[in-house]
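Only one structure is covered here, and it is reproduced in the block below.
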Amino acid sequence: MVARTTIQEQVVEELYAHALELADEARAVFDLRDAALVTETSDRWRIAMSIEGLRTTTRVMHVLAWLLNQRAYYAGELSKLQLLRDGALGEDRPSDPHNLALFQSGTQALIRASQYLHARVRRLDDEQRRTAAHNADAVHSMHGRIAKAFGAESDSGCMEQIQATERALK
């Protein structure tokens, strides 16, 4: 049997590969262990590199964590509920323009690429959460219509049974 993948799974895999590349590039760019580099640069530059290096790697790690959760969901290792409950994308802290001005164009491009990747994944995460909320609202509305159809709108026992069933399914 051939495994079927959805467009979403393909997007997740492509974003994951890109995020891994960015993580590797960030590690190389923000590695300040080169003694010659440290002695030839200002304290302000080194502080800016440390700050923006941390922001960039954190941003990329948040994206990687989100993508790994998505991959686990597609592999059947997480339920939709677990994914929505525990798989939120971490917040981004934008880079400081004053710090960016101190860097060469390649470093600036790497930081912008990490920001763009995070923003792209943020849009995916937001859409996923909006869809889940819409579906939950639709299910809740349907439960209310069912209770009303069976004359149980004033019977809290019927709604309690529906809610207990929902909890059991989670």
Side-chain angles (χ1 to χ4, degrees), residues 1-27 29-30 50-97 100 109-170:
M1 181 170 123
V2 176
R4 289 182 47 206
T5 60
T6 65
I7 296 294
Q8 292 90 348
E9 287 175 90
Q10 292 173 6
V11 168
V12 165
E13 289 304 318
E14 289 173 14
L15 289 172
Y16 182 71
H18 182 60
L20 286 176
E21 290 172 10
L22 276 179
D24 191 43
E25 191 176 341
R27 181 201 50 80
V29 167
F30 294 108
S50 294
I51 291 168
E52 297 307 329
L54 183 57
R55 285 181 179 157
T56 301
T57 54
T58 299
R59 187 179 300 123
V60 173
M61 291 304 120
H62 283 169
V63 168
L64 281 168
W66 188 88
L67 292 166
L68 285 169
N69 279 324
Q70 298 296 311
R71 293 175 85 207
Y73 168 72
Y74 289 125
E77 298 168 1
L78 286 178
S79 70
K80 188 69 166 181
L81 178 64
Q82 289 171 314
L83 180 66
L84 291 169
R85 186 184 61 216
D86 301 324
L89 179 64
E91 290 301 316
D92 187 18
R93 295 199 49 205
S95 294
D96 182 339
L100 292 178
L110 169 66
I111 293 168
R112 281 192 302 277
S114 73
Q115 291 171 328
Y116 176 77
L117 178 64
H118 191 280
R120 186 173 177 196
V121 171
R122 167 61 60 212
R123 288 188 299 273
L124 293 173
D125 187 52
D126 289 347
E127 179 60 29
Q128 190 175 73
R129 291 178 187 290
R130 273 192 302 276
T131 300
H134 174 74
N135 292 343
D137 289 345
V139 169
H140 184 69
S141 174
M142 187 182 304
H143 287 173
R145 289 192 313 264
I146 290 170
K148 187 175 182 178
F150 286 100
E153 61 186 321
S154 62
D155 180 10
S156 63
C158 181
M159 285 310 291
E160 288 174 8
Q161 182 61 40
I162 290 171
Q163 291 168 349
T165 303
E166 285 178 332
R167 285 191 299 275
L169 292 174
K170 291 178 183 179

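Quick caveat, the model's predicted, so the values are computed rather than measured.
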Please tabulate, one pair per line, all N/O donor-acceptor pairs under 3.5 Å involving side-chain atoms of residues 112-119, not counting sequence neighbours.
unit_1 : atom_1 : unit_2 : atom_2 : d
Ser114 : OG     : Arg59  : NH1    : 2.7
Ser114 : OG     : Ile111 : O      : 2.7
Gln115 : NE2    : Ser95  : OG     : 3.3
His118 : NE2    : Gly90  : O      : 2.8

Lys/Arg N to Asp/Glu carboxylate O, Arg129 vs Asp126, below 4.0 Å: no

For the student: nearest non-hydrogen atoms of Phe30 and Leu110, plus distance: CE1-CD2, 3.8 Å

Shortest non-hydrogen contact from Val60 toward Ala19: CG1-O, 3.5 Å

Gap between atom CG of Asp86 and atom CG of Leu78 - 0.5 Å precision: 8.0 Å

Spatial distance of atom CG (Leu68) from atom CE (Met61) [nearest 0.5 Å]: 10.0 Å

Arg85 atom CZ, over 12 foreign heavy atoms within 6.0 Å: yes

Gln8 vs Gln70, side-chain hydrogen bond (donor to acceptor under 3.5 Å, both in side chains): CA-CA, chis, key distance, verdict: CA-CA 9 Å; Gln8 292 90 348; Gln70 298 296 311; over 6 Å; no

Verdict with supporting geometry, Arg122 and Glu127, salt bridge (Lys or Arg N to Asp or Glu O under 4.0 Å): CA-CA 8 Å; Arg122 167 61 60 212; Glu127 179 60 29; over 6 Å; no

Listed partners of Arg27 passing salt bridge (Lys or Arg N to Asp or Glu O under 4.0 Å), at least two apart: Asp24

CG-OG1 distance between Leu84 and Thr131, expressed to the nearest 0.5 angstrom: 9.5 Å

Heavy-atom pair of closest approach, residues Gly87 and Asp125: O-OD1, 4.1 Å

Which atom of Thr58 lies closest to which atom of Leu54, heavy atoms considered: OG1-O, 2.7 Å

Just distance, no hydrogens or angles: give the donor-acceptor pairs under 3.5 Å from side chains in residues 11-18, sequence neighbours left out.
unit_1 : atom_1 : unit_2 : atom_2 : d
Glu13  : OE1    : Arg71  : NE     : 3.4
Glu13  : OE1    : Arg71  : NH2    : 3.3
Glu13  : OE2    : Arg71  : NE     : 2.8

Test log, rule side-chain hydrogen bond (donor to acceptor under 3.5 Å, both in side chains), inputs Gln10 and Thr6: CA-CA 6 Å; Gln10 292 173 6; Thr6 65; over 6 Å; no

CG-CD distance between Leu20 and Glu25, expressed to the nearest 0.5 angstrom: 13.0 Å

Donor-acceptor contact present, side-chain Arg93 to main-chain Arg55, <3.5 Å: no

Main-chain N/O of Gly53 paired with Thr56 side-chain donor or acceptor, under 3.5 Å: no

Contact summary for Asn69 and Leu83, nearest pair of heavy atoms: O-CD1, 3.6 Å

Within-4.5 Å side-chain heavy-atom neighbours: Glu9 and Tyr73: no

